[in-house]
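Encoded as structure tokens, the structure appears first; notes follow it.
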Amino acid sequence: GLGENASIIAEFAKSNSESEILGAIGGNAVRIEAGGQLTPNLDARAYYRQADSGFSNNSTVSFTPVATVAVYYNIGFRIEPRDRTGFAHLFEHMMFEGSKNVAKSEHMKLINQVGGMVNGSTTQDRTNYWEVVPSNQLELALWLEADRMRSLKVTKENFENQRSTVKEERRQRIDNQPYMRILYELKDDIAYQNFAYKHSIIGSMEDLDSASLEDVQRFHNLYYRPNN
């Protein structure tokens, strides 16, 4: 609940505008309404009256409980072989291309429809996928992750689509940007002796072009498993 923070918010409200209050407590599923009291959803309550700012004498602040699901796979780009760089990052894209019970791009749409957020990221050591949802939608987030872990559609169409997307991302972020190769690639090439950490997270154009559907399916079957 609001607990001991209630008095801090109340004091803040006495000397700040409505927009400043919204900015201070926004981003946390908070709602402010004209009303008569400062009240979180969980039963803790606090009250204040504001003197001169023109903001409503009393307001209600409601905190919505949220849940986070984060799935980490032990597959970062350090595991990629020399001639198949970029696969870990490629699958960060592939994982949103649909599964047995979820259509292409439907994963993000379903999470967004309930007011949630979703994304993924790839580093040297892991790839992760996460959802932040209202707590009453936790089952939805878990089901979506389970469905794509079990039955991701690693098809030729999806592979070709996302290979093109990753190649364009490389052009936009690295190849066509001044100094970006230094930031994204050359510093690691200089810093590390082991190929696992030396090579580019996004992969080379040559490796992406030469990859086959069978290579991608084998990569998925090997690393995208419950025991990894």
Regarding Ser204 and Arg170, do their side chains bring together a donor and an acceptor under 3.5 Å, going by distance alone? no

Please assess Gln177 against Arg171 for the test side chain to side chain contact (heavy atoms under 4.5 Å, CB included), listing each intermediate value before the final yes or no. CA-CA 8 Å; Gln177 296 293 330; Arg171 293 186 191 100; over 6 Å; no

| request: Applying side chain to side chain contact (heavy atoms under 4.5 Å, CB included), run through Ile75 and Phe87 and close with a yes or a no. | output: CA-CA 10 Å; Ile75 172 58; Phe87 272 35; over 6 Å; no

* **4.5 Å side-chain heavy-atom contact, Met94 and Val154** => yes

#### Entry: Within-4.5 Å side-chain heavy-atom neighbours: Thr127 and Phe91
no

Check your understanding: Do the charged groups of Arg84 and Asp215 touch, with an N to O distance under 4.0 Å?
Key -> yes

Exercise. Is Lys198 salt-bridged to Asp189, cutoff N-O under 4.0 Å?
Worked result: yes

CD of Gln193 to CD1 of Ile190, rounded to nearest 0.5 Å, is 12.5 Å

Review point. Centroid-to-centroid, Tyr223 to Phe219, below 6.0 Å?
Key: yes

Is Ile174 linked to Ile182 within one hydrophobic cluster, defined over Ile, Leu, Val, Met, Phe, Trp and Tyr using a side-chain heavy-atom separation of less than 4.5 Å?
no

A quick test of your reading: do over 12 heavy atoms of other residues, nucleotides or ligands sit less than 6.0 Å from NZ of Lys109?
no

Between the CD atom in Glu145 and the CE atom in Met95, the distance rounded to the nearest 0.5 Å is 6.0 Å

Separation between OG1 (Thr165) and CD (Glu160), nearest 0.5 Å, reads 11.0 Å

When you measure from the centre of the six-membered ring of Phe96, is the NZ or CZ of Arg148 closer than 6.0 Å and no more than 45° off the axis? yes

What one should report as the nearest heavy-atom pair of Thr122 and Ile201 is O-CD1, 3.0 Å

Which word best sums up how the rings of Tyr73 and Tyr129 line up, parallel for under 30°, tilted for 30 to 60°, or perpendicular for over 60°? perpendicular

When rounded to the nearest 0.5 Å, the distance separating NE2 of His107 from CG of Asn112 is 9.5 Å

Do Ser99 and Arg150 come within less than 4.5 Å of each other through their side chains, counting heavy atoms only?
no

- Tyr197 and Asp125 side chains, donor-acceptor separation under 3.5 Å: yes

* Asked: Is the Phe77 to His89 ring centre distance short of 6.0 Å?
  -> no

* **Residue pair Glu97 / Gln162, side-chain donor-acceptor N/O under 3.5 Å** => yes

Rounding to 0.5 Å, atoms CD (Gln137) and CG (Leu144) come to a distance of 10.0 Å

ask   = Is there a donor-acceptor pair closer than 3.5 Å between any side-chain N or O of Asp207 and the backbone N or O of Gly86?
value = no

Discussion item. Does any part of the side chain of Met117, heavy atoms only, come nearer than 4.5 Å to the side chain of Trp130, both counted from C-beta?
Written reply: yes

Same apolar cluster: Leu222 and Ile79, side chain cutoff 4.5 Å = yes

Closest non-hydrogen atoms of Ile111 and Val118, given as atom of the first, atom of the second and distance, are CG2-CB, 4.1 Å

Checklist line | Check: Ser121 main-chain N/O paired with Arg126 side-chain donor or acceptor under 3.5 Å | finding: yes

N-O pairing of Asp209 and Lys167 below 4.0 Å | yes

Task: Heavy atoms from other residues, nucleotides or ligands near CD of Glu139 exceed 12 (cutoff 6.0 Å) - done: no

What one should report as the nearest heavy-atom pair of Ser210 and Asp83 is OG-O, 4.4 Å

In terms of heavy-atom contacts, Leu140 and Leu110 come closest through CD2-O, 4.0 Å

Q. Strictly by modelled atom types, are Glu169 and His93 linked by a side-chain donor-acceptor pair under 3.5 Å?
A. yes

Hey, is CD on Glu157 packed in by over 12 heavy atoms from elsewhere, all under 6.0 Å? no

Are Val66 and Ser135 packed together at the side-chain level, in the sense that at least one heavy-atom pair is separated by less than 4.5 angstrom? no

Task: Asn221 side chain vs Arg218 backbone, donor-acceptor pair below 3.5 Å - done: no

Tell me whether Asn228 contacts the main-chain N or O of Tyr224 through its side chain, where contact means a donor paired with an acceptor under 3.5 Å. no

request  = Check whether Trp143 and Val69 end up in the same hydrophobic cluster, where Ile, Leu, Val, Met, Phe, Trp and Tyr are linked by side-chain heavy atoms less than 4.5 Å apart.
outcome  = yes

Item to check | Chi angles and distances behind the side chain to side chain contact (heavy atoms under 4.5 Å, CB included) call for Glu185, His199 | outcome: CA-CA 7 Å; Glu185 296 181 334; His199 73 277; over 6 Å; no

When rounded to the nearest 0.5 Å, the distance separating CD of Gln217 from OG1 of Thr155 is 8.5 Å

For Glu80 and Thr85, does a side-chain donor sit closer than 3.5 Å to a side-chain acceptor?
no

Quick one: does Leu90's side chain get under 4.5 Å of Phe159's, heavy atoms only? yes

Practice prompt. Keeping the roles fixed (side chain from Asn128, backbone from Gly120), state whether a donor-acceptor pair exists under 3.5 Å.
Written response: no

Requested in this report: Please confirm whether the backbone N or O of Val132 pairs with a side-chain atom of Thr68, one donor and one acceptor, at under 3.5 Å?
Outcome: no

Given 3.5 Å as the limit, does a donor-acceptor pair link the side chain of His220 with the main chain of Val216, or not? no

